[in-house]
Amino acid sequence: MTWDAYRPVENQEALWFGGDYNPEQWPSEMWAEDMAALEDLGANTVTLPVFAWSSLQPAKDRFEFGWLDQILELLASRGIGVVLATPTAAQPAWMSTSYPEVLAVDAAGRRRTHGGRVNYCPSSSAYREGSSQIASAMAERYAEYPGLHLWHVNNEYGPVCYCEGCRDEFQRWLRERYQDLDVLNEAWGNAVWGNTLQDWSEIAFPSHLNAMRPPTRDGLVAFSPSPSLSLDHARFVSSVLLACFLNEKEVLREHTPRVPITTNFHGPVQTIDWHEWGPHLDLVSWDSYPSVDSHWSDAAFGHDLARGAGQQREFLLMETSPGPVNWQPMATLKRPGAVRLQALQAIARGSRGALFFQVRQARSGNELNHSALIPRHGRLDTRMGVELVGLGRDLKSIGVPPDRHRIRPRVGLVFDWPSWWAHHATPGLDQRSRYLGTVRQFHRVLAERNIVVDILGSGASADGYDVVIAPGLYVVDSAVANSFHEFVNGGGLLITTVGSGIVDPSGSVHFGGVEPGWRRLVGAWVEETDVLPPDSVNRVRFHDNGSTASASELFDILRLDTAQPIAEFMDDFYAGSPAVTVNRLGEGSVVYLASATSEIFAAVVDRFLGGGRAWDVPSSVECIEWSGTEGALAFLLNHGSDEAQIAVPEGRWTDLLTARALEGEVTIQQRDVVVARRDP
Amino acid sequence: MTWDAYRPVENQEALWFGGDYNPEQWPSEMWAEDMAALEDLGANTVTLPVFAWSSLQPAKDRFEFGWLDQILELLASRGIGVVLATPTAAQPAWMSTSYPEVLAVDAAGRRRTHGGRVNYCPSSSAYREGSSQIASAMAERYAEYPGLHLWHVNNEYGPVCYCEGCRDEFQRWLRERYQDLDVLNEAWGNAVWGNTLQDWSEIAFPSHLNAMRPPTRDGLVAFSPSPSLSLDHARFVSSVLLACFLNEKEVLREHTPRVPITTNFHGPVQTIDWHEWGPHLDLVSWDSYPSVDSHWSDAAFGHDLARGAGQQREFLLMETSPGPVNWQPMATLKRPGAVRLQALQAIARGSRGALFFQVRQARSGNELNHSALIPRHGRLDTRMGVELVGLGRDLKSIGVPPDRHRIRPRVGLVFDWPSWWAHHATPGLDQRSRYLGTVRQFHRVLAERNIVVDILGSGASADGYDVVIAPGLYVVDSAVANSFHEFVNGGGLLITTVGSGIVDPSGSVHFGGVEPGWRRLVGAWVEETDVLPPDSVNRVRFHDNGSTASASELFDILRLDTAQPIAEFMDDFYAGSPAVTVNRLGEGSVVYLASATSEIFAAVVDRFLGGGRAWDVPSSVECIEWSGTEGALAFLLNHGSDEAQIAVPEGRWTDLLTARALEGEVTIQQRDVVVARRDP
Amino acid sequence: MTWDAYRPVENQEALWFGGDYNPEQWPSEMWAEDMAALEDLGANTVTLPVFAWSSLQPAKDRFEFGWLDQILELLASRGIGVVLATPTAAQPAWMSTSYPEVLAVDAAGRRRTHGGRVNYCPSSSAYREGSSQIASAMAERYAEYPGLHLWHVNNEYGPVCYCEGCRDEFQRWLRERYQDLDVLNEAWGNAVWGNTLQDWSEIAFPSHLNAMRPPTRDGLVAFSPSPSLSLDHARFVSSVLLACFLNEKEVLREHTPRVPITTNFHGPVQTIDWHEWGPHLDLVSWDSYPSVDSHWSDAAFGHDLARGAGQQREFLLMETSPGPVNWQPMATLKRPGAVRLQALQAIARGSRGALFFQVRQARSGNELNHSALIPRHGRLDTRMGVELVGLGRDLKSIGVPPDRHRIRPRVGLVFDWPSWWAHHATPGLDQRSRYLGTVRQFHRVLAERNIVVDILGSGASADGYDVVIAPGLYVVDSAVANSFHEFVNGGGLLITTVGSGIVDPSGSVHFGGVEPGWRRLVGAWVEETDVLPPDSVNRVRFHDNGSTASASELFDILRLDTAQPIAEFMDDFYAGSPAVTVNRLGEGSVVYLASATSEIFAAVVDRFLGGGRAWDVPSSVECIEWSGTEGALAFLLNHGSDEAQIAVPEGRWTDLLTARALEGEVTIQQRDVVVARRDP
């Protein structure tokens, strides 16, 4: 296949705008209409063919690339770039029939039947070989395709399979991790309940079949007889899915060494540890589906996590929705301006573009009520059409700055998958499995103050940050503790909370109840921890000015070693007990919150963080400042329900979207955006 | 067996009064007491032996009809008629043992164990042959039985089986429907998610084993990977159960060509499309179990549906309860008068009688707390006993009018099973699967205005109706659209709403987003549809008099072709957008509701329907007027909590129940009934 | 093994204080610390090795007792007594591998995988033989151990297994119970729904696989096609677990004929009928885990049940928690004083001691967040440590009275497992399965009046009681009725309620709707029973003084034979109908409550019971008076939120805990306790 006849894709350096495109779902006669609509929209990028395995390989030994060639020619001839997807998220029916072991087995031990998607066994060799084969065929065929921006491997990895093959693989994986079964027995504390193992083959999955009671929490690991088993199983799940990705990445890299490779994450889910995967991706990409009632910081959380998982490189908003999302509890319309606002928010936080699911709405299938750039009626002379065309224009106006990586947070926020898994798998302390919720709440407190953070794993380097915030960091080992000692000694500020430092990487409590280095960091130890229902509130009083904040859910009763209290509980039998402490170590400090509510955290943030921003905005306006080599940029996004009046700081500022000079005060309407550039 | 010795059943032409009778559950010594009680009650009809297969055929090659002969003799000797039931709703244990494939397999793929009822595989040949054999034996033996009113085949058909045999049958059924697998792939849109099939044998049931997520909605099809697959599976379920019915009907018809045949439906359930089955039943019958807090229109809905499914013929209330229903959330006593009121409501709406579950209360089994005509203590000198004896007298007083079919609604209300199934199976638009709820609400608006309707399928003829109301008619093809064009052009009024005309009979969206003929009917197209939580309300203002009504849940933003707005939304970003439109076509009109609430529908009904009724009653009084050849009849049923005073219209009226002449005003106590007859 | 070198355990006659001890979970280097802590706490008893099967028998043919010998030596050398546990609640992994049938099968028919605990099939011969073998080996080895207080067989028996082996066992059990299949068919009423059986092998478990609908209630039997099947299955479950216990008891008795044997119950659960088991236990013991928001009478209920199941002998609080319980909805800290208060409550109600789960907190496993006497941090210089040390001192101060069995209730309260099972399995009357709740409510009414009761089975002798209270005693046969006739004729007072006397021991309703002797007791019959939602209230007026009380949920409409009404309903259509009646029989009376609320019961208690107590205390103070041979003892426990002032009765009283003389008024702080002894 040669593509010489086609003009090179011009907009390689523009911000990407477009989305998932599934032309195999409708007659080829309609493809010209698709092209026209893409041009009307100003789209420059499409992702395909995400789910077309059965169309590309209708039988084990038959490939059909003709239709894809044809589409790619149409795209190339219009200069539209392509994110090329391997279609391995849904195996063809013939594969499920010929290799029944390709079908996943659920947590109740039932082999699933064919249908849907994400329905494969990730350790099946037939699946792995088939994936490799189709990826290889595509890479070979389209290696020279002029508009090939990026490889998109699979889609939203996710199946958790409980088949015997996966169990064997799990046992092998554990053998590699622990080497010696006695080490595993010791690490997991298998003497508890007489669960000591004599042979690797005795290890069963944590599943419905050995659950202590019917699962009551969502997620991967809530029904397990042993938190340690669950924790390692969660690691295994993430790892075996990563192996699927690497299996395809290898052949793609081989054929197209210069094309970057990604896969799209679907939010912070328990099955994939973004921080483990990040280093294997050339570009982290994710799918953002804020619901109509979600706070604007929720999507920001994902963006900041993508940036953090990608070691502060740019990321890609691979999918978002231009309107109703059929699988959400309510398929509500996005209110006027919301789509543009959310797309520009992603750009502001470092996305390479704004891609949508999907270009044209499906006529059939589970998602036929999911919105698209081209809706059912096919028209763009509509409220949404006009907004989308405007967004395309805006993205052109912004362009890709020559020095792209200019969002440089000074604050790191730790969200640690193993801590999430372990909290989730262990009944008692974090009763409602609030770990992710707490990190999100802390993130929102920061976001509302326009303190931008990278969201890091616990193993990430703190280099380059002034502050690291690690609420409820449950899993800690001496390496983590040492690294934080170094950070704090060197002048860093570490903020942490109740529920941290308790278990080792296998989920067993450290002797003494806390990792010793962690205790030295905090300068205090926990005598006991109270757990109360969400509506039970204790008050906390800060010593400096007597101001108060509400505590709830978890309450450490501390005994101080070297830390000093700066706030205390006011109620219950532990009234007077320290609620917030500061421990000075070397050049830095560790602040500890004995209860981890937003109010207490906000009070701490207001005391310890701040400054350094040019723009002064209300909390309903998101302000992301870029400080690059060529003049500052500030994205001002009004998420409030009213217009906002904002004073323009010193210097000559221009709104890139309207090319207006900004002077004095700038007024931003509800859901409107200003991208202010300061001329150098 | 000859029955010549017994007097013919006299009351063949009376309204039927009695119920399910299961004498095999107690010693034959008690049967004389049963007979005495039936006579005390004035009962003239019993249904039996519904669940007696194991008693009639205790082994594969042994039949025991003696006990049934004896009961039938007792009944015949007292002139009590019989609805004779084939006992095939619960196969004998020996059958489950000898033919394990007779036991149904559940949606999780598990073969069920023996016990309970409705536990058979409907495509099992052992079951089909066994059913045919027992039906044949009964028909042969009792063909000449003098009191044989009606055959009652099986009971509340319902099992949905997921066994391999049913799957093969499903594949055969699909092959017959689509002929060509490419046609099916196209119709279902299988290219979505790469679900294209290469072989009929690749088709799996929609089940827990290929569900996208654990089922969260009740009913047949909520967990499917593909709405089209679910929709056709629902059709198949209804169809395979119908085949079971026809299997027995055939042998009964052969032996007793003049005895009508029915089976009893159990409310509008997803597993049986009444409109599909109706033509195969000589008399539609159903089981009505209003709960203590249900509105009186709920039972009326079933009656109107039974009449609609039976092409406007009379129907039969086969089962209702004389008191607490054990399987309802609360087994509350029926308040004084309620049983009589509900029974006479059924008669008013066209039932051939009032039959109860059951004659004598069970001592054992799952339903031992279900009420009966003869309660545990066996006495009738009780509150309920007195009421039931009175009801027997009332039914005699009414008699069966010589020209029975005199309830002649001018309004049809469409409740379409395929639209229900498809809405239910498709996440997004009708998020809470409200279709049945909306039709019920519309029915209640009409019932409270005493506008009686037949409830029709979408394929029914509109001949003979002035108005057809089709809320949310989601599945529409050109034939349906054309038929409505004809109806409207000829002067009919069609009222329809948001959520209609969108998908074809395979559940795929029409190109352009709506069936073209449907769009011409409506005279408008839908730019987008907002979906909001139930407590989010928009107001709608009618242009004629400025009155308002509340809109909720679904909101179409319309673009008008030829329709004219008569009301508009008042709130949100689509304030001013049309909320109700009228499109004049030929001699008729189409009214479209962009939001389908009771309030908006009531406002439309009050503007477009009305008149033609002799009696003027408050909304808590149900008034059913019959306009036969021999003088009008009006059933007045007071469902309110107070007595009602109602003006007697012109003419000479007599209350059939008390034989009082009605003059001036008639006072009806709470839960009391007047059956007014106008002398010709 | 000889133990001669060790001093005899001195405190054999002291109250036991200590708890479950699992030293196999941590390095033996820490055992010396454990011993020191036990001594600091003043503990005199530990229970071990509850879950150590895999440590004691790491392979089928290899035993490792060395580590246990070592621990027992350490304990013996410190004079600490031992409750020696057989470790059979969690079989070793090698057993699950070699004998897969040892793993239980769940109600959905799925063989479970290894892991957790209570995961064995109770009818598996491999399990039975293995249990017997390990019990025998332990008994042989430790028969002469000087500190062996008690055998503790297994732990919280409980698995319900649905394997084919258990099904065969169930069929055998039924054959033994009914002898003749026709008798079973008749007893179960199998003619209902045609479930008549022709062969014992046709009997299936009540399970998810023949459920009428998905189970919606918790517990053993809620999903059954037949209440009778469920009722006998529940009996079988309790019986097959009892067989496991007896299997081990036999070998222990043989080796150590003088050591008492128990197993620890875990609250009133559906799987074990305490009244059936009680006679087989030398000492009834149970595990009490009141949640932070439970009423103090909840734990008292268990104590009174343990005493009742043990035929009024002392019992043992085998496990309770010194702090948060990880598996409860909230792992809340016990408030200051609560642990001591709850421990002394158990002593007051007849416990042999106060044992805790557990001595040292686990580092791993499902319960790592469960509290312990020695917490994670290992320190006792804490709030809880100080409280526990004080409790140890208190227990020494109380000592074991020479005549132990001095708590002698005059009132029996019937809690009947078969009635619980049958109510639970039968939809309709007791809609919300409130039977246990009602008995608990009645118990609380009595507890708050400091009327101490023994909780009895329906078959227990009423000898020695003045009053027997049997709310909702659903399952009654003539023997039970006769026994109550004798009791009442002899002067006893029987109080019973709606929902009693209805079914026979097979769960079928008595002919006539009530057991005839029961009707004669009550002197009335039930015309009908209304069931209303919990928030629907009727009022009841007592005739003597016009006072009123609220009725709810169940309402009998009575017809009186010989009984006299003393209160009537005030509302609804049965206003004026008797709500409480009295039937005088011989020297005694039967009081019947047509609605069984706390308020009505309290009004009845205040009219019919009372007197005989020396101390007059408010309802928030629990007062347990012992009247032994050597002077009275009164435990005064303040459960209120304020201090209580209580007048000291006549006589010379001393507080055993403080050795203070009590005169005039004694003030008891919140959660404080006084143990007052009257000098003879």
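Below, chain A is the first sequence line, B the second, and so on; all start at residue 1.
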C:Phe573 vs B:Leu333, test: side chain to side chain contact (heavy atoms under 4.5 Å, CB included). Steps then yes/no. CA-CA 11 Å; C:Phe573 70 88; B:Leu333 290 178; 3.9 Å; yes
Take B:Arg363 and C:Asp504, measure what salt bridge (charged side-chain N to carboxylate O under 4.0 Å, His left out) needs, and give me the verdict at the end. CA-CA 10 Å; B:Arg363 290 183 55 225; C:Asp504 65 27; 3.6 Å; yes
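Side-chain contact between C:Glu527 and B:Arg379 is absent, with no heavy-atom pair separated by less than 4.5 Å. Looking only at side-chain heavy atoms (C-beta outward), C:Leu209 and B:Arg110 come within less than 4.5 Å of each other. Side chains of C:Trp193 and B:Asn366 form a contact here, defined as non-hydrogen atoms less than 4.5 Å apart. With a 4.5 Å cut-off on side-chain heavy atoms, C:Phe511 and B:Arg376 do not count as touching. Considering only heavy atoms from C-beta on, C:Asn195 comes within 4.5 Å of B:His114 through its side chain. With contacts defined as side-chain heavy-atom distances shorter than 4.5 Å, the pair C:Arg559/B:His377 does not qualify.
B:Leu368 pairs with exactly one of C:Ile502, C:Thr426, C:Leu429 by the side-chain contact (heavy atoms from CB on, under 4.5 Å) rule, that one being C:Thr426.
Interface summary for chain C: among B:Gln91, B:Gln328, B:His370, the most heavy-atom pairs under 4.5 angstrom belong to B:Gln328. Ranked by non-hydrogen atom pairs under 4.5 Å with chain C, the options B:Pro336, B:Ser55, B:Ala331, B:Ser96 are led by B:Ala331. Counting heavy-atom pairs under 4.5 Å between each of B:Gly378, B:Pro329, B:Ser371 and chain C puts B:Pro329 at the top. If you tally non-hydrogen atom pairs under 4.5 Å between each of B:Ala104, B:Ala59, B:Gly116 and chain C, the highest count goes to B:Gly116.
Heavy atoms closer than 4.5 Å to chain C are found in both the backbone and the side chain of B:Thr332. Using a 4.5 Å cut-off between heavy atoms, B:Trp53 makes no contact with chain C at all. Both the backbone and the side chain of B:Arg383 come within contact range of chain C, with heavy atoms under 4.5 Å apart. Interface remark: B:Pro49 contributes no atoms to any contact with chain C (heavy atom separation under 4.5 Å). Of the atoms belonging to C:Val526, it is backbone heavy atoms, and not side-chain ones, that fall under 4.5 Å from chain B.
Salt bridge annotation for C:Asp530-B:Arg335: present, with a cationic side-chain nitrogen under 4.0 angstrom from a carboxylate oxygen.
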